**Student:** 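Here's a structure for you.
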Amino acid sequence: MAEDRYYITTPIYYVNDKPHIGHAYTTLACDVIARFMRLDGRQVHFLTGTDEHGQKVEKSAKAAGVEPKAFTDQVSQNFRDLVKVMNFSVDDFIRTTELRHIKASQAIWDALVKSGDIYLGSYAGWYAVRDEAFYAESELVESPPGRKVAPTGAPVEWVEEPSYFFKLSAWQDRLLKFYEDNPQFILPASRRNEVLSFVKGGLNDLSISRTSFKWGVPVPGDDKHIMYVWLDALTNYITAVGYPDTDAPLFKKFWPADLHMVGKDILRFHAVLWPAFLMSAGIAPPKRVFAHGWWTNEGQKISKSLGNVIDPLELVRTYGLDQTRYFLMREVPFGNDGDFARKAMIGRINAELANGLGNLAQRSLSFINKNADGKVPQPGALTDADQAMLGAARGLLAKMRASIALQELHKALADWMDVVVQANQYIDAQAPWTLKKTDPKRMETVLYVLAEVLRQLGALIQPFMPDSAAKLLDQLGVPEKDRVFANLGEAGALKPGAALPAPEGIFPRFVDPSEAAPPKSPPKAAKR
RNA sequence: GGCGGGGUAGCUCAGGGGUAGAGCAGGGGAAUCAUAAUCCCUUGGUCGGGGGUUCAAAUCCCUCCCCCGCUACCA
């Protein structure tokens, strides 16, 4: 029996960025899981938000001539807009500049102090003014020989500033034990290995305060310091459920979180620092951190300097919302890096959505509309073929549930697609258009089976493509309240005789504008 | 350099001692309910190179070549 609650989070996004495909991808994966869990009967808390502190924000605000808070009010809106456009079903949107978060951050700080894991020391290192960054001794390069500079070529100087430290070094063994006791804390497994070897290599204490700028959460009792951004940022996950009030209803219900979804670039902060902070503060660590991969654009690494950043809003405009959601979840084994190729996108839309599910629904439903009086057909005795078809559709939930539990989102879609293909094979093999003339009763049975299969397919695709799934279920006359997974299988089977609305297309083919009307004879350049 | 993962059909990848697989692409055919969508059949690979163990190796061992990830404090 599955637990009836589920807490899932995205990272909080750094407001200095414009939302790009990476942000959309992370939150989309969470949205799919959150929707799946809700439909599967769980109470879900789905959190996203924005990280609004740090030196870069302070600088950007200054450059824009406004106070940091006014600046972040403005830019964090971009991320709230993304939530709307992508149809993300978030339950809470947290901002690190909110009072509740500042209180929570200071509270966890106090808890770390109380546990004896914080001490005052000084942070020293090679600092490059030009890069505004510290570099490790090992990162420095000699150029020209004898003179050490940053890998970026910037000159460095040795600087020291007072800083509070977290005794991370003391947590190595406890972290390793934690990983060992919770083998699925880090997924995919390959990432787990990386983290393990990193921790086994030894941990240094971590500088967790700064004095060089002001835009952050003040360290309790020492206003000259602000908290290190990562300690501040990670704390959002408990802020949102009521910390420091560990008796708060949300906290008691939802902590520890079931899943922190993150990009592979920030895995370590979540898989090493965060559990150490939490355990030190006497709070249970989350159950899982999943690190997903990155996208390339037509085989090219994405970067601002290359100018090939993918704008999710643009994708939605061009290909449609559900098509975009489907492609991102379907194209790549979740966890791996993937390539966004226009050709692949169009291929998926047309082959799987338009020709696969769309056409299956259209041919089935319009046949019912024309030949079964526009009502749910009356099934007779089921043949082996019928039962095999129904069995495949009704067995889908269990398969998809198993995949979603391990964040194998692509696998859930592959299993779903298998049933779409099987249904197209079924309709061809049963040929209701022939049965219409030879055995109308049998035809009704076949059509009923098809309608039932479509109902399962529609319900199960809701987490991935909410709007399109709703259209399909509308056409099957399934009331909104009956679209939860508890109604899959025989429990919520369609009632023969129920009137069905006239069907209409769900997924149009994507016609590539650049190929739509090829010129008959390419105009030859006039030579003269 | 160290640790880890990988190199299998044109493309993306699954398989992991016993007659080489899937999807897409390519070729042929059937059907005409449907968004000209669908279905069936099919071409195609000495499984990175070399060596070894074995009755038998894509699969185990050795070695070489190539690719990718991680190797601490920028979100």
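It should be emphasised that the depicted structure is a prediction, and the values quoted were computed from it without experimental measurement. The chains referred to below are lettered A, B, ... by the order of the sequence lines, with proteins before strands, and numbering in each begins at 1. Values below: all heavy atoms of this structure, side chains included; hydrogens, waters and symmetry mates excluded.
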**Student:** Below 6.0 angstrom between ring centroids: does that apply to A/Phe185 and A/Phe178?
**Tutor:**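 Ring centroids of A/Phe185 and A/Phe178 are less than 6.0 Å from each other.
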**Student:** When the C1' atoms of B/C47 and B/U19 are considered, how many whole Å apart are they?
**Tutor:**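 Straight-line distance between the two C1' atoms is 15 Å.
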**Student:** Nearest to the side chain of A/Leu168 - B/A72, B/G69, B/U38?
**Tutor:**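 Taking heavy atoms from C-beta onward, the closest nucleotide is B/A72.
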**Student:** Which one, B/A34, B/C39, B/A72, comes nearest to the side chain of A/Leu203?
**Tutor:**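 Closest of the options to the side chain of A/Leu203: B/A72.
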**Student:** When all nucleic acid strands are considered with a 4.0 Å heavy-atom cut-off, which category describes A/Ile12: base, sugar-phosphate, or nothing?
**Tutor:**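 Contact class for A/Ile12: none.
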**Student:** How about A/Tyr13 and A/His23: are their ring centres within less than 6.0 Å of each other?
**Tutor:**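 Judged by ring-centre distance (under 6.0 Å), A/Tyr13 and A/His23 do meet the cut-off.
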**Student:** Provide the distance between the two P atoms, one in B/C61 and one in B/G4, to the nearest whole Å.
**Tutor:**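 Those two atoms are separated by 13 Å.
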**Student:** Remember a base hit wins even if backbone is also touched, and classify A/Ser366 as base, sugar-phosphate or nothing at under 4.0 Å, heavy atoms.
**Tutor:**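 A/Ser366: backbone/sugar contact only, no base atoms under 4.0 Å.
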**Student:** Is A/Ile506 touching bases, backbone alone, or none of the nucleic acid, heavy atoms closer than 4.0 Å?
**Tutor:**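 The residue A/Ile506 makes base contact.
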**Student:** Determine the contact category for A/Lys436: base if any of its heavy atoms lies under 4.0 Å from a base atom, sugar-phosphate if only primed atoms, P, OP1 or OP2 are that close, otherwise nothing.
**Tutor:**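 Counting heavy atoms under 4.0 Å across all strands, no contact is made by A/Lys436.
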**Student:** Name the pairing partner of B/A22, where a pair is Watson-Crick or G-U wobble with both distances under 3.5 Å, or state none.
**Tutor:**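 Answer to the pairing question: B/U12, which forms a Watson-Crick or G-U pair with B/A22.
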**Student:** Provide the distance between the two C1' atoms, one in B/U38 and one in B/U43, to the nearest whole Å.
**Tutor:**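 Comparing C1' positions in B/U38 and B/U43 gives a spacing of 22 Å.
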**Student:** Does B/C39 pair with anything, Watson-Crick or G-U wobble, both distances under 3.5 Å, and if so, with which nucleotide?
**Tutor:**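 Pairing partner: B/G29.
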**Student:** Pick the P atom in B/A57 and in B/G1, then give their distance to the nearest Å.
**Tutor:**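 Here B/A57 and B/G1 have their P atoms 33 Å from each other.
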**Student:** Is there a side-chain contact between A/Gln362 and the phosphate of B/C33, meaning an N or O under 4.0 Å from OP1 or OP2?
**Tutor:**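 The answer is no; no side-chain N or O of A/Gln362 sits under 4.0 Å from OP1 or OP2.
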**Student:** With a non-hydrogen cut-off below 4.0 angstrom, is A/Asp17 in contact with a base, only sugar-phosphate, or nothing?
**Tutor:**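 Answer is base: heavy atoms of A/Asp17 come under 4.0 Å of a base.
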**Student:** In the strands shown, is B/G69 matched to any nucleotide by a Watson-Crick or G-U wobble pair with both distances under 3.5 Å, and which?
**Tutor:**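 Answer to the pairing question: B/C3, which forms a Watson-Crick or G-U pair with B/G69.
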**Student:** With rounding to whole Å, what would you report as the distance between B/A56 and B/U63 at their C1' atoms?
**Tutor:**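 It works out to 23 Å between them.
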**Student:** Quick one: is A/Asn355 getting a side-chain N or O under 4.0 Å of the B/U38 phosphate, OP1 or OP2?
**Tutor:**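 So the side chain of A/Asn355 is within the cut-off, an N or O lying under 4.0 Å from OP1 or OP2 of B/U38.
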**Student:** Applying the ring pair (Phe, Tyr, Trp, His ring centres under 6.0 Å) criterion to A/Phe327, which one of A/Phe340, A/Tyr319, A/Tyr25 satisfies it?
**Tutor:**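 Only one of A/Phe340, A/Tyr319, A/Tyr25 forms a ring pair (Phe, Tyr, Trp, His ring centres under 6.0 Å) with A/Phe327, namely A/Phe340.
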**Student:** Evaluate the side-chain hydrogen bond (donor to acceptor under 3.5 Å, both in side chains) criterion for residues A/Thr383 and A/Asp386: first the C-alpha distance (whole Å), next the side-chain angles of each, then the deciding distance (0.1 Å), finally the verdict.
**Tutor:** CA-CA 5 Å; A/Thr383 64; A/Asp386 300 340; 3.2 Å; yes
**Student:** Among B/A72, B/A34, B/C73, which nucleotide sits nearest the side chain of A/Tyr228?
**Tutor:**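 Shortest atom-to-atom distance from the side chain points to B/C73.
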**Student:** For this output row, return yes or no: ring centroids of A/Phe290 and A/Phe334 closer than 6.0 angstrom.
**Tutor:**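 So the answer is yes for these two rings.
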**Student:** Please report the distance separating the P of B/C13 from the corresponding atom of B/G48, rounded so that it comes out in whole Å.
**Tutor:**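 Approximately 15 Å lies between the P atom of B/C13 and that of B/G48.
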**Student:** Which part of the nucleic acid, if any, lies within reach of A/Val229 when heavy atoms closer than 4.0 Å are counted: base, sugar-phosphate only, or nothing?
**Tutor:**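 The residue A/Val229 makes sugar-phosphate contact but no base contact.
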**Student:** Go through the steps to decide whether A/Arg348 and A/Glu331 satisfy the test salt bridge (Lys or Arg N to Asp or Glu O under 4.0 Å), and finish with yes or no.
**Tutor:** CA-CA 8 Å; A/Arg348 293 280 185 200; A/Glu331 179 70 0; 2.8 Å; yes
**Student:** Given B/C3, B/C73, B/C40, identify the nucleotide with an atom nearest to the side chain of A/Arg210.
**Tutor:**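 That would be B/C73.
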**Student:** Can you confirm if the NZ or CZ of A/Arg80 lies within 45° of the ring axis of A/Phe93 and under 6.0 Å from the centre of its six-membered ring?
**Tutor:**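 Yes, A/Arg80 and A/Phe93 form such a contact.
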**Student:** For the side chain of A/Asn359 and the base of B/A34, is some donor closer than 3.5 Å to an acceptor across the two?
**Tutor:**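 Donor-acceptor pair under 3.5 Å: yes.
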**Student:** Provide the distance between the two C1' atoms, one in B/G50 and one in B/C40, to the nearest whole Å.
**Tutor:**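 Rounded to whole Å, the distance is 44 Å.
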**Student:** Which nucleotide, B/A34, B/C73, B/C39, lies nearest any side-chain atom of A/Ser207?
**Tutor:**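 The closest nucleotide is B/C73.
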**Student:** For A/Trp433 and B/C33, do the ring centres fall under 5.5 Å apart while the planes stay under 30° apart?
**Tutor:**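 Yes, A/Trp433 stacks on the base of B/C33.
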**Student:** Nearest to the A/Val421 side chain among B/C33, B/C39, B/G4, which nucleotide is it?
**Tutor:**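 Nearest nucleotide to the side chain: B/C39.
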**Student:** Which nucleotide in the list B/G4, B/U38, B/C70 gets nearest to the side chain of A/Asn424?
**Tutor:**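 Of all the options, the side chain of A/Asn424 is nearest to B/U38.
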**Student:** Please classify the nucleic acid contact of A/Gly202 as base, sugar-phosphate, or nothing, using heavy-atom distances under 4.0 Å.
**Tutor:**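 Here A/Gly202 touches the bases of the nucleic acid.
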**Student:** Quick one: is B/C70 close enough that its OP1 or OP2 comes under 4.0 Å of any side-chain N or O from A/Lys264?
**Tutor:**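 No.
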**Student:** Looking at B/A37, I'd like to know if its phosphate oxygens (OP1 or OP2) sit under 4.0 Å from a side-chain N or O belonging to A/Arg509.
**Tutor:**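 A/Arg509 to B/A37 OP1/OP2: side-chain N or O found under 4.0 Å.
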